[in-house]
Amino acid sequence: MEGDRQHPAPAAPPTEHLQLLLRRSREAKSCAYCPYSRFPVGAALLTASGEIFSGCNVENACYSLGVCAERTAIQKAISEGHTSFRAMAIASDMGDTFVVPCGACRQVMREFGTDWDVYLTKADGSYIVKRLEELLPLSFGPEDLKKV
Ligand code: THU
């Protein structure tokens, strides 16, 4: 099972990769389908091989079926054969607040390792970076299933 593999600690993305990643998250936000919340979010995921997969939130008239931008990006990457990630950038329109991933997205991210970086941005482009381990401490993951 892919999730059982060890994920080596990734190096932080080089500056040009990071700038592109941040831009791709903003661009993805412009595709958000969020007629109910009117809260557009974009995410861009950098794979270990240097490719970027982006995603937006996709809502539904049946509200509970809405999907966050982060999980859209992850599902796109996984379904194209990428399971090792270096970083994700997330963008929203919030002016004063760094956007943070919801708990469900943190758990889905964690499936693919605890040692990669998540860039939380504000609308002005400023950011802070957190390791997945910081966003979801004491997490449950694929390794735990081997312990019984
Ligand atoms: N949303 C995301 O896509 N990512 C986040 O990090 C926070 C929330 C979406 C879900 C929903 O479509 C809208 O934002 C309001 O919660």
Side-chain angles (χ1 to χ4, degrees), residues 2-3 5 7 9-144:
E2 178 56 37
R5 278 196 206 157
H7 295 261
T15 312
E16 67 276 12
H17 271 170
L18 177 56
Q19 288 312 316
L20 179 59
L21 194 68
L22 294 167
R23 179 152 59 79
R24 289 287 301 275
S25 70
R26 289 194 298 272
E27 288 171 357
K29 176 167 61 67
S30 69
C31 296
Y33 178 76
C34 54
Y36 308 108
S37 70
R38 303 211 172 277
F39 189 88
V41 182
L45 181 60
L46 178 65
T47 69
S49 58
E51 286 177 67
I52 293 176
F53 291 84
S54 65
C56 61
N57 50 335
V58 184
E59 298 183 349
N60 192 278
C62 180
Y63 291 174
S64 62
L65 297 183
V67 180
C68 294
E70 296 90 329
R71 275 177 284 161
T72 303
I74 289 173
Q75 288 174 7
K76 284 173 66 178
I78 297 294
S79 57
E80 297 286 330
H82 298 269
T83 55
S84 192
F85 305 132
R86 282 155 78 174
M88 176 183 276
I90 312 170
S92 83
D93 284 342
M94 287 191 289
D96 264 358
T97 310
F98 295 106
V99 63
V100 290
C102 76
C105 287
R106 293 177 197 210
Q107 180 65 32
V108 171
M109 292 171 182
R110 186 265 171 267
E111 180 73 13
F112 305 101
T114 56
D115 53 3
W116 47 290
D117 293 327
V118 184
Y119 290 82
L120 313 171
T121 73
K122 285 185 192 175
D124 67 3
S126 58
Y127 65 82
I128 52 174
V129 59
K130 299 282 181 191
R131 305 291 285 174
L132 208 44
E133 178 69 42
E134 295 177 82
L135 291 175
L136 193 67
L138 293 176
S139 66
F140 181 81
E143 306 80 17
D144 294 302

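Since we're looking at a predicted model, the values are computed, not measured. Atoms within a ligand are numbered from 1 in the order they appear, just like the ligands themselves.
- The part of Ser37 lying near ligand 1 is the side chain, judged by heavy-atom distances below 4.0 Å.
- In summary, the atoms of ligand 1 found under 4.0 Å from a heavy atom of Glu70, numbered by their order in the structure, are 2 (C), 3 (O), 4 (N), 5 (C), 6 (O).
- Taking the six-membered ring where the residue is Trp, His82 and Phe53 present tilted rings, their angle falling between 30° and 60°.
- Contact annotation: Gly66 has no heavy atom less than 4.0 Å from any atom of ligand 1.
- Aromatic ring pairs are classed by plane angle as parallel below 30°, tilted from 30° to 60° and perpendicular above 60°; the pair Tyr63 and Tyr36 is tilted.
- Ligand-side atoms of ligand 1 in range of Glu59: 11 (C), 12 (O), 13 (C), range being under 4.0 angstrom from any heavy atom.
- Glu59 and Ser37 form a side-chain donor-acceptor contact under 3.5 Å, judged by distance and modelled atom types alone.
- Regarding atom 16 (O) of ligand 1, its nearest protein heavy-atom neighbour is Phe39 CD2, 4.7 Å.
- A heavy-atom distance below 4.5 Å is found between the side chains of Ser139 and Thr114.
- Closest to atom 10 (C) of ligand 1 among all protein heavy atoms lies Cys68 SG, 3.9 Å.
- The residue from Val100, Val41, Asn60 that puts a heavy atom closest to atom 1 (N) of ligand 1 is Val41.
- Nearest approach of Asn60 to Cys62, heavy atoms of both residues: OD1-N, 2.8 Å.
- Judged by the 6.0 Å and 45° rule, Lys122 forms a cation-pi pair with Phe98.
- Looking only at heavy atoms of the protein, atom 9 (C) of ligand 1 is closest to Asn57 ND2, 3.5 Å.
- Here the SG-CD distance, from Cys56 to Glu70, works out to 11.0 Å after rounding to the nearest 0.5 Å.
- The N/O atoms of Ala69, backbone and side chain alike, include one that comes under 3.5 Å of an N/O atom in ligand 1.
- Within a 4.0 Å radius of atom 12 (O) of ligand 1, the protein contributes one or more non-hydrogen atoms.
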